[in-house]
Amino acid sequence: MSDITQIDATMRSRVGKGSARAARRAGKIPAVIYGDKQAPLSIEMEARVVRKVIHEPGIFGRLLNINIDGKNNTVLTRDIQMHPVSDEPLHMDMLRVGASSTVSVAVPVEFINHELSPGLKIGGVLNVVRFEVEMNCPAGDIPEKITVDLDGIKIGDSIHISAIPLPEGATPSITDRDFTVATLQSPGGGVKNEDEEEGGEEEAAAEGEAEE
């Protein structure tokens with residue numbers, strides 16, 4: 001389970017573009033908390049704290065406790081608006097979640113035991129198709145990562161989601177196919193994603209039918 005980050009916030013007395021600009025001039029970042037069948041809350045947080053938190057890994061898969069006047073609101077970050085030039089945060093949207101809620105989050109993929117892969121030992125190239133996997137999981141038990149063991153992986157092997165141990169209670173959001181997370185290719189073998197591979201197979205089949 002990922003750690004829960006604590007952030008202090010205050011209610012905004014007014015809403016709108018003028019109020020948001022005033023908050024930013026005062027070193028605050030405006031935000032809105034919504035969801036869980038409760039009224040939205042317009043808040044502002046210290047910009048220096050927000051900058052630190054949003055640049056840490058996995059911000060969209062980490063629970064935040066937003067403390068407003070002594071009351072915690074457990075949320076997931078759903079959107080961060082950034083300035084197009086300075087790349088400074090301008091506004092955040094946060095989804096309020098209950099402990100029993102199920103949420104959809106992007107979970108990072110970690111690859112281990114590179115040195116135990118026969119394919120990598122002879123110069124194979126690991127083609128990562130998905131650096132993150134969208135997962136449905138309990139809000140109170142969001143995994144920090146899923147781990148792919150490369151031990152024994154040879155050139156030409158494909159690693160599908162069904163071959164990866166998943167944390168208890170977590171299931172892939174994609175349920176209609178056993179999608180590819182990574183492949184091990186020979187050097188110079190090129191990189192293809194699933195859509196390109198499927199498209200190529202369909203084109204080859206069509207060409208075969210035309211020749212017949």
Side-chain angles (χ1 to χ4, degrees), residues 1-7 50-66 74-80 92-198 200-201:
M1 175 181 173
S2 56
D3 294 333
I4 300 180
T5 301
Q6 188 85 19
I7 301 177
V50 172
R51 290 191 200 101
K52 180 178 183 296
V53 170
I54 67 174
H55 288 107
E56 293 174 351
I59 179 60
F60 291 102
R62 182 190 308 150
L63 290 177
L64 306 177
N65 267 342
I66 308 300
T74 304
V75 304
L76 275 172
T77 303
R78 278 308 188 218
D79 185 58
I80 305 173
M92 295 180 68
D93 289 352
M94 300 173 170
L95 175 67
R96 185 190 289 110
V97 296
S100 60
S101 301
T102 298
V103 295
S104 178
V105 295
V107 179
V109 180
E110 176 190 52
F111 295 87
I112 63 171
N113 291 331
H114 292 71
E115 71 282 2
L116 299 180
S117 164
L120 289 176
K121 284 183 179 179
I122 61 175
V125 177
L126 182 66
N127 169 35
V128 180
V129 179
R130 297 176 185 270
F131 291 92
E132 295 180 326
V133 173
E134 193 79 16
M135 306 288 293
N136 296 322
C137 52
D141 198 16
I142 298 174
E144 293 184 8
K145 60 191 176 185
I146 61 175
T147 302
V148 177
D149 190 348
L150 298 176
D151 186 1
I153 300 298
K154 304 180 294 297
I155 287 177
D157 286 350
S158 294
I159 303 169
H160 296 91
I161 189 63
S162 61
I164 303 173
L166 300 179
E168 185 176 355
T171 58
S173 298
I174 298 174
T175 59
D176 61 346
R177 65 185 186 278
D178 188 14
F179 56 87
T180 302
V181 175
T183 61
L184 190 57
Q185 301 176 332
S186 59
V191 176
K192 292 183 178 180
N193 60 32
E194 286 184 285
D195 294 335
E196 290 173 336
E197 290 173 354
E198 291 172 359
E201 292 172 357

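These numbers come from a predicted model, not from an experiment. Throughout, residue positions are numbered sequentially from 1 according to the sequence presented.
- In this structure, the separation between CD1 on Ile155 and CG on Leu184 is 6.0 Å, given to the nearest 0.5 Å.
- Counting heavy atoms of neighbouring residues, nucleotides and ligands inside a 6.0 Å radius, atom CD of Glu168 does not exceed 12 of them.
- Residues Leu126 and Ala182 approach most closely at CD1-CB, 4.1 Å, considering heavy atoms.
- Among all heavy-atom pairs drawn from Lys145 and Pro167, the shortest one is O-CG, 4.4 Å.
- Contact annotation: the side chain of Val50 never approaches that of Ile80 to less than 4.5 Å [non-hydrogen atoms, C-beta and beyond].
- In this structure, the separation between CZ on Arg130 and CD1 on Ile161 is 8.5 Å, given to the nearest 0.5 Å.
- Pro187 and Gly124 get closest at one heavy-atom pair: CD-CA, 4.3 Å.
- Between the CG atom in Leu95 and the CG atom in Leu63 there is a gap of 10.0 Å [rounded to 0.5 Å].
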Step by step, would you call Leu166 with Thr171 a side-chain contact (heavy atoms from CB on, under 4.5 Å)?
CA-CA 7 Å; Leu166 300 179; Thr171 58; 5.8 Å; no
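- Inter-residue side-chain proximity for Ile142 and Leu76 is flagged as met; some heavy-atom pair is nearer than 4.5 Å.
- A donor-acceptor pair under 3.5 Å is absent between the side-chain atoms of Arg62 and the main chain of Thr77, judged by distance alone.
- The minimum heavy-atom distance between Pro143 and Cys137, with the atom names listed, is CD-SG, 3.8 Å.
- Distance OG1/Thr5 to CD1/Ile59: 7.0 Å, rounded to 0.5 Å.
- Between Pro138 and Gly169, the closest heavy-atom pair is CD-O, 3.5 Å.
- Proximity of Pro108 to Pro57: side-chain heavy atoms (C-beta onward) are nowhere separated by under 4.5 Å.
- Scanning both residues, Arg78 and Ser104, for their nearest heavy atoms gives NH2-O, 3.0 Å.
- Crowding of Phe60 atom CZ: a count of heavy atoms from other residues, nucleotides or ligands under 6.0 Å exceeding 12.
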Residues Leu150, Ile159; criterion side-chain contact (heavy atoms from CB on, under 4.5 Å); working and verdict
CA-CA 9 Å; Leu150 298 176; Ile159 303 169; 3.8 Å; yes
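- To the nearest 0.5 angstrom, Asn65 atom CG is 9.5 Å from Ile7 atom CD1.
- Side-chain atoms of Ser117 come within 3.5 Å of backbone atoms of Ile153 as a donor-acceptor pair (strictly under, hydrogens ignored).
- A distance of 11.0 Å separates CZ in Arg96 from CD1 in Ile66, rounded to the nearest 0.5 Å.
- Looking at Phe179 and Val133, their side chains come closer than 4.5 Å, going by heavy atoms from C-beta outward.
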